[in-house]
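Beneath this line is the structure, given in structure tokens, with notes to follow.
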Amino acid sequence: MTVFSLLWTFWNYDRMPEKLPMHYTWDGVVTDWADKSYRTVLLFPFIQLFMLGLFVFINIIIARSKQQMDPANPEESIKQNIIFRRRWSLFIIISGTMMVLLFTLPQVSFVYPIDPFISFIITMVVVGVIVIGAGVLSIVTGQGGSRVNVTNRKTGEIMNRDDDRYWKLGVFYFNPDDPAVWVEKRFGSGWTNNFARPTSWIFLILILLIPILIAVFAS
């Protein structure tokens, strides 16, 4: 989809108007215009590229983060964690695809006008599906798959972990002796950084820096 968006932009560049609508009001009135240039028309494909890289990176985190195991039930804990990772990986693939596809709408609208209200509805539906899906997945799966019943034992129990001293302020994992760059969050569902590893800071800086560069490129 990202490649298609890039190719479609070059193929239809001459068909795009000299003034491109960039922002609409609720009733469809254009409030912001931009002069046509390759830098302007490539803004949304570049955003798609960034999102594509971000979602791939999140899947890498899911694959390579440290697997937390309950020493009291190691085999069950491993099975739960595998299911936990696979479900979230699939969710990232689906939601990432929806987001990348969503950003093809502004690009197409440069040549084929799309009703702003329809675009707004589509955007809200996509965002709603992703937010609700993440909430349902968190509730059903639990952190580390703690709510996935792989045996007849009661699920949803608190995992037995002895790492309180490494969680600063309760939410920031800082363990210089742990080679893992990413670990499961202590609360909620998902992953976080091991802030004692320089590599994790490099990735954080890159994730923050790239959107700024895209914005500067488009300005």
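Keep in mind that what you see is a predicted model, and the values were worked out from it rather than measured. When a residue number appears, it is its place in the shown sequence, counting from 1.
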- Message: Tell me whether I202 shares a hydrophobic cluster with V183, the cluster being built from Ile, Leu, Val, Met, Phe, Trp, Tyr side chains joined at under 4.5 Å.
- Response: no

- Query: Any side-chain heavy-atom pair from F84 and Q143 closer than 4.5 angstrom?
  - Reply: yes

- Note on the structure: Rounding to 0.5 Å, atoms CZ (F44) and OG1 (T2) come to a distance of 14.0 Å

- Message: Count I, L, V, M, F, W, Y as connected when their side-chain heavy atoms are under 4.5 Å apart, and connections chain through other members. Are F4 and M98 then in the same cluster?
- Response: yes

- Task: Please work out which of the three classes, parallel, tilted or perpendicular, describes the rings of W88 and W191, given edges at 30° and 60°.
- Result: perpendicular

- Between F55 and I92, which heavy-atom pair has the shortest distance, and what is it? O-CG2, 3.7 Å

- In short, R197 meets D178 closest at the heavy-atom pair CD-O, 3.3 Å

- Kindly give the heavy-atom pair with the smallest separation between M16 and K36, and that separation in Å. O-NZ, 3.1 Å

- How about Q48 and S5: does a side-chain donor come under 3.5 Å of a side-chain acceptor? yes

- Message: Would you say V136 ends up clustered with V131 if hydrophobic residues are merged whenever their side chains have heavy atoms under 4.5 Å apart, either directly or through other cluster members?
- Response: no

- Go through the steps for T9 and Q107 under the test side chain to side chain contact (heavy atoms under 4.5 Å, CB included), then give the verdict. CA-CA 7 Å; T9 299; Q107 207 70 359; 2.7 Å; yes

- Would you check if there is a donor-acceptor pair between the side chains of N194 and S200 at a distance under 3.5 Å? no

- Message: Rounded to the nearest 0.5 Å, what separates atom CG in L90 from atom CG in N59?
- Response: 9.5 Å

- Message: Quick check: do L42 and F10 have side-chain heavy atoms less than 4.5 Å from each other?
- Response: yes

- Side chains of V111 and W11: closer than 4.5 Å at any heavy-atom pair? no

- Note on the structure: Rounding to 0.5 Å, atoms CG (L54) and CG (L206) come to a distance of 11.5 Å

- Item | Nearest-0.5 Å distance, CG of residue N193 to CZ of residue F174 | 12.0 Å

- Message: What's the separation between atom CZ in F91 and atom CZ in R87, rounded to the nearest 0.5 Å?
- Response: 13.5 Å

- Query: If you group Ile, Leu, Val, Met, Phe, Trp and Tyr by side-chain heavy-atom gaps below 4.5 Å, do L7 and F110 land in one group?
  - Reply: no

- Task: Check step by step if side chain to side chain contact (heavy atoms under 4.5 Å, CB included) holds for K19 and D35.
- Result: CA-CA 5 Å; K19 290 286 189 178; D35 294 328; 2.6 Å; yes

- Task: Could you tell me which non-hydrogen atom of I114 sits nearest to which non-hydrogen atom of L105, and how far apart they are?
- Result: CD1-O, 3.7 Å

- Does any donor atom in the side chain of Y112 or R15 lie under 3.5 Å from an acceptor atom in the other side chain? yes

- Parallel, tilted or perpendicular: which fits the ring planes of F203 and F57, with parallel below 30° and perpendicular above 60°? tilted

- Message: Minimum heavy-atom separation for Q80 and V148, please, with both atom names.
- Response: NE2-O, 2.8 Å

- Task: Check the hydrophobic clustering (I, L, V, M, F, W, Y; side-chain heavy atoms under 4.5 Å; chains of links allowed) and say if I210 and I207 are grouped together.
- Result: yes

- Task: Taking all non-hydrogen atoms of both residues into account, name the closest pair between V140 and R147 and its distance.
- Result: O-CB, 3.4 Å

- Note on the structure: CD1 of I58 to OG of S65, rounded to nearest 0.5 Å, is 12.5 Å

- Message: How about NZ on K66, more than 12 heavy atoms from neighbouring residues, nucleotides or ligands closer than 6.0 Å, or not?
- Response: yes

